[in-house]
*Asks:* 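Below you'll find the structure I mean.
Here is how names work: the chains are called A, B, and so on, in the same order as the sequence lines, proteins then strands, and each is numbered from 1. Values reported hereafter were calculated over all heavy atoms of this structure, with side chains retained and with hydrogens, waters and symmetry mates removed.
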Amino acid sequence: MKFVDSKTPAVDLQVSIGSLTLKNPIMTASGTFGYAKEFEPYVNLHRLGAVVVKGISLLPRAGNPPPRIVETSCGMLNAIGLENVGVDRFISEKMDSLNGVNVPVVVNILGDTLEEYREISERLADVEGIAAIEVNISCPNVKKGGVAFGTVPEMAASVTKAVKESCSVPVIVKLSPNVTDISLIARGVEEAGADAVSLINTLIGMAIDHRSRRPKLANVIGGLSGPAIKPVALRMVFQVAQAVSIPVIGIGGIETAEDVLEFMLAGATAVQIGTANFVNPRASEEAVEGISRYVADQRLQSVRELIGGLILAD
Amino acid sequence: MKFVDSKTPAVDLQVSIGSLTLKNPIMTASGTFGYAKEFEPYVNLHRLGAVVVKGISLLPRAGNPPPRIVETSCGMLNAIGLENVGVDRFISEKMDSLNGVNVPVVVNILGDTLEEYREISERLADVEGIAAIEVNISCPNVKKGGVAFGTVPEMAASVTKAVKESCSVPVIVKLSPNVTDISLIARGVEEAGADAVSLINTLIGMAIDHRSRRPKLANVIGGLSGPAIKPVALRMVFQVAQAVSIPVIGIGGIETAEDVLEFMLAGATAVQIGTANFVNPRASEEAVEGISRYVADQRLQSVRELIGGLILAD
Amino acid sequence: MSQIQEKTQIIRIDRLTSDIVRLTLDAPNIASVASPGQFVMIRTGETNDPLLRRPFSISQTSSDGHFQILFKVVGRGTDLLSHCREGECLSVLGPLGSGYRIDTSRPACLVGGGMGIAPLLFLGKRILQNGVDQRPLVVLGARNREELQPLIDDFADLGLKVHAATDDGSLGHHGLLTDVLKSLDLGPECMTYVCGPKPMMAAVYLFCRSKKYGCQVSVETAMACGMGACLGCIVPLKKGGYGHSCSDGPVFDAEDLLWQL
Amino acid sequence: MSQIQEKTQIIRIDRLTSDIVRLTLDAPNIASVASPGQFVMIRTGETNDPLLRRPFSISQTSSDGHFQILFKVVGRGTDLLSHCREGECLSVLGPLGSGYRIDTSRPACLVGGGMGIAPLLFLGKRILQNGVDQRPLVVLGARNREELQPLIDDFADLGLKVHAATDDGSLGHHGLLTDVLKSLDLGPECMTYVCGPKPMMAAVYLFCRSKKYGCQVSVETAMACGMGACLGCIVPLKKGGYGHSCSDGPVFDAEDLLWQL
Ligand SMILES: Cc1cc2nc3c(=O)[nH]c(=O)nc-3n(C[C@H](O)[C@H](O)[C@H](O)COP(=O)(O)OP(=O)(O)OC[C@H]3O[C@@H](n4cnc5c(N)ncnc54)[C@H](O)[C@@H]3O)c2cc1C
Ligand SMILES: Cc1cc2nc3c(=O)[nH]c(=O)nc-3n(C[C@H](O)[C@H](O)[C@H](O)COP(=O)(O)OP(=O)(O)OC[C@H]3O[C@@H](n4cnc5c(N)ncnc54)[C@H](O)[C@@H]3O)c2cc1C
Ligand SMILES: Cc1cc2nc3c(=O)[nH]c(=O)nc-3n(C[C@H](O)[C@H](O)[C@H](O)COP(=O)(O)O)c2cc1C
Ligand SMILES: Cc1cc2nc3c(=O)[nH]c(=O)nc-3n(C[C@H](O)[C@H](O)[C@H](O)COP(=O)(O)O)c2cc1C
Ligand code: FES
Ligand code: FES
């Protein structure tokens, strides 16, 4: 572990997500940063704005059979199938070490039914060290024929309400990009009480091995992430930031501080780095360093000046 | 111009799109192949299954101001703004040379209103040499507040009906991927009489120049194409092929014969090659050669055996 | 049409400065038909990132089937290209676009800034080959001596005298290339052939307009295809609408363009 | 934890055959702590295509801070890597995973097929360093002599005798490596350390099970992160559920895996 880099200029990088204040806008994305501990050899975790842990369900899930991942052009597909230890073991086994790393922990949750979301939130409600809950609504609602919660404004709103009622930490709702009008969903969850929205989750995709004539993923379809999806993510963040007044957290193909800048200019208050952690485990910390330098070089009062700073007219 | 490669094995590559029989499943995508003539120095045009010309509107359009294109990771964004000479000049100026190249010509059309689609189709109805019409429904319906025709099943169906009523050539409806459930739209246009569907059109995306803090496209948003979107296209083709019984034409990130195979296994009867034409102007002809070799090597009775041949169970 | 797609071998790599490279490519079919102001589209790598080809002016052809490009490393594509090795092959499309229209009846002045100097060498050579009464004047500008000197040497080899300007004064005039231009006696009826950064071309055009000189400019726009298919490479025209810089240009009559002066 | 991300310089490139390459990398922090069976994740290029790092076994370390990998060109990533030049730098993560658990109390047999031979050299060296009563037996298989000979030579340098099998009979036994294995006197209590294609490992495991030998296998799965974060690299376990080959493995007790025999 290296010492904190004392050369990093003292600049105001603070941003707020509901009642939660982050020391900088750089978070890590759920499912791409394990339970943070995996990255201790590479990253000074306490320098990050926050870490979001792998999605937690009510009961443990083994996940999908292999193969679960496949590379695509400038991206990857994953069909992990939400493998996780379940909320109880998460609390008993993972929270201790997470509390040790001195960085705000956001817990990503998922469920098959409204009740499951509610119950997970209740169990997490009083756990020490949870800074916020991020609600993954890209999961199929088993009671509604498997339509994803995140694709119908009313369903998205009701999950939001259920989680909000069950806990007192800020609730971030993570939106699915596989919809006709993401602003509509964003407004739905805002009205239902979400403290922030994060976007985008993965685009649904597929890959085929023409030699074996089979899908490359055992699950047939999977989630597309990485630089390939950045243009779509940036567009959706831009649209949603204009549609809601709660903070927007930008996700999708972010690799560098320049990418972070672009998402903030488009309207993001904070960002999450996902797939890039696999390519460069230091990506998140390097983004903090880069943004820090940028704010200092440009003599900004604070990083918040960048939010929505895109210049549109000539 | 080279002679037809006599080494290409004589294999059955024919596929049918409604009443139209193509000598092979390789087409070129609208907006990426000009009016075909541009590619004469590179491609033996008559070896292609068909060419789809740049989208034609009722009146000429100047298109969007520059910059109109920007490269992204394994893809590109375009905001051409549908620059075209209009249907009348298309007929008088372009059809002659298109008739000369001895390859089926599919005319891609677009409009702001239902009436425009109808009128373009009527003017094209009796023009010699048009093998099929492809209807781009990703355009905003100006009478419905700018919602894209392709995002609402009823609107998509009514455009389809209008075009079908106005002409007798096969009508291909080109679907937008920027929707929650593309199968729903596909079924809508099938019921309205479409002879085939083609997909996907571009994903909506955006790029920002962090130095100037401005969008990289004058139009702010644009359409994402290229290898980056292939996984999304493949998934949608797979879904739509299961939802409809008319032929599906696969489009999105196709570069090689291997990619063509993948789309056909997913359920496509034919494919269109788009952005790859810019990278390798011979991409379409090389795909024909590759598929031809594959069908011969695998001793298939015909290329049609591949359609939907994906093996799903173990 | 004489455009082709050619696998060309890299015959020579000259690193003129730390970030300016000259490649000599063996491409007989392109070299034999190219004319000054035309360009090629080069694939800078074999993967899909970067995806698109990059446009480069043909800066010289030779009778043994070679041509040269001269480029500066400004991004990922040019960086990849600068790491190529002699003997490797590059996929090249060309020659593309319509180049300079040489008017042998008028005295010529070649005006180039930065990498815009690249096509002018080819042009100078061609003008001399065509046989002229008056040797063309050459006015070149760049950031500093390091960048400019090797490019000037090429023109000197042709026996052309170069009037230079550099941003830092390390070679020739300390300041703008247009200052040099204004100080020269170009003669009446002069035709200027210009290539360089947009503001420089605008200034040269303004000067030419005031003097009633002809002015042909080579414009740079983003390009996806280079052959008139994508409609991405537009330049606004004075008469309204757009021209396509890859097929109508890259060389335009400055008169025909809509300048934001 | 001792994993690190290191910019490593390529010290040497040996092209053993037309498609098998050995890279020697200067990476003191990785070389000093690596153990046999561990691997590294290497970025094969600087662009985003291919995007992900590629996993390679550490095939040898040296006391002067170098380590080697041995790989075959099978796709774009390995192709890019094979075009690297000496002196260039590669970004490497490692050492990753848990390697072979050397049981010094039991006679050892190293069984490697194809590129699976890579980690066994490191293992053989370490076993000898640890001091053993009995020199390990080595059984290696590959397609032909061309591929196998250079790899055998490495073991010969350690003073280990190699029992060989090739698919075409051009070196050693003509046929399967398991035939050779069965013909050898491995002694009771033998521990086999195996790496190679899945069907070969399955055959070796079946044989070991029948003889009550120990069997450790190094499995290959697709990997995105190599460090337990993506959960992509799973292998089905006998007890149910999955193990993660990058963190629980890549070396597993063959007993613990669910084999599709
Ligand atoms: C007809 C034509 C002829 C050209 N001839 C030459 C030449 O002879 N020598 C030479 O060095 N360059 C020439 N250029 C410019 C050259 O094409 C770009 O420098 C190159 O495409 C940059 O690629 P890159 O991947 O390195 O940069 P990118 O990573 O794509 O971009 C890096 C930076 O360069 C800018 N840029 C990218 N493309 C262009 C472009 N087409 N024009 C201007 N700026 C751009 C970007 O905005 C960005 O700031 C020419 C361009 C055109 C259109
Ligand atoms: C722990 C571990 C250690 C390894 N050690 C070595 C080694 O020492 N030497 C060596 O040559 N190779 C080794 N491999 C395999 C090596 O990682 C792959 O060959 C490499 O990733 C292929 O990359 P590519 O881009 O060239 O191929 P791609 O273009 O990605 O794929 C080309 C072909 O190879 C197959 N392939 C891709 N990745 C893998 C993989 N991880 N395993 C098996 N097949 C794959 C694909 O299905 C495809 O058919 C190891 C793999 C693992 C998991
Ligand atoms: C391997 C993997 C696993 C993921 N798991 C989850 C998850 O459990 N919950 C969730 O909300 N998102 C999950 N995601 C989505 C990411 O958090 C992120 O939204 C997406 O990858 C886009 O960002 P990126 O392009 O930076 O990766 C996962 C992504 C990957 C690649
Ligand atoms: C520059 C450009 C212009 C396009 N113009 C049209 C058009 O006029 N009409 C249309 O239906 N699709 C148009 N498209 C979409 C393509 O036809 C195709 O659907 C899309 O690019 C995806 O395929 P690809 O990834 O192979 O490019 C255009 C695409 C590009 C890149
Ligand atoms: S670059 Fe494509 S039309 Fe000019
Ligand atoms: S490779 Fe990511 S968890 Fe093993």
*Asks:* Between D:Ile4 and A:Tyr42, which heavy-atom pair has the shortest distance, and what is it?
*Replies:* C-CE2, 3.5 Å
*Asks:* Does CD belonging to D:Glu88 count more than 12 external heavy atoms closer than 6.0 Å?
*Replies:* yes
*Asks:* Within the 4.5 Å heavy-atom criterion, are A:Phe278 and D:Met223 side-chain neighbours or not?
*Replies:* no
*Asks:* With a 4.5 Å cut-off on heavy-atom pairs, point out which of A:Ile69, A:Thr32, A:Val70 contacts chain D the most.
*Replies:* A:Ile69
*Asks:* Which residues from residues 49-70 of chain D are near chain A, with near meaning under 4.5 Å between non-hydrogen atoms?
*Replies:* D:Asp49, D:Pro50, D:Leu51, D:Leu52, D:Arg53, D:Arg54
*Asks:* Which heavy atom of A:Glu38 sits nearest a heavy atom of D:Gly228, and at what distance?
*Replies:* OE2-O, 3.8 Å
*Asks:* Got a donor-acceptor contact below 3.5 angstrom from the A:Arg68 side chain to the D:Leu231 backbone?
*Replies:* yes
*Asks:* Can you tell me which portion of A:Asn64 sits under 4.5 Å from chain D's heavy atoms? Options are side chain, backbone, both or neither.
*Replies:* backbone
*Asks:* Tell me every residue that passes disulfide (SG to SG under 2.5 Å) with A:Cys74, counting only those two or more places apart in sequence or in another chain.
*Replies:* B:Cys74
*Asks:* What part of A:Pro66 gets within 4.5 angstrom of chain D, counting heavy atoms only: side chain, backbone, both, or neither?
*Replies:* both
*Asks:* Got more than 12 heavy atoms from elsewhere within 6.0 Å of NZ, D:Lys7?
*Replies:* yes
*Asks:* Take atom NZ in D:Lys238; do more than 12 heavy atoms of anything else shown fall under 6.0 Å from it?
*Replies:* yes
*Asks:* Any heavy-atom pair between the side chains of A:Asn277 and D:Cys225 that's under 4.5 Å?
*Replies:* no
*Asks:* Please report the closest heavy-atom contact between D:Ala229 and A:Phe39, naming both atoms and the distance.
*Replies:* CB-CE1, 3.5 Å
*Asks:* With rounding to the nearest 0.5 Å, note down the distance linking CD in A:Glu83 to NE2 in D:His244.
*Replies:* 3.5 Å
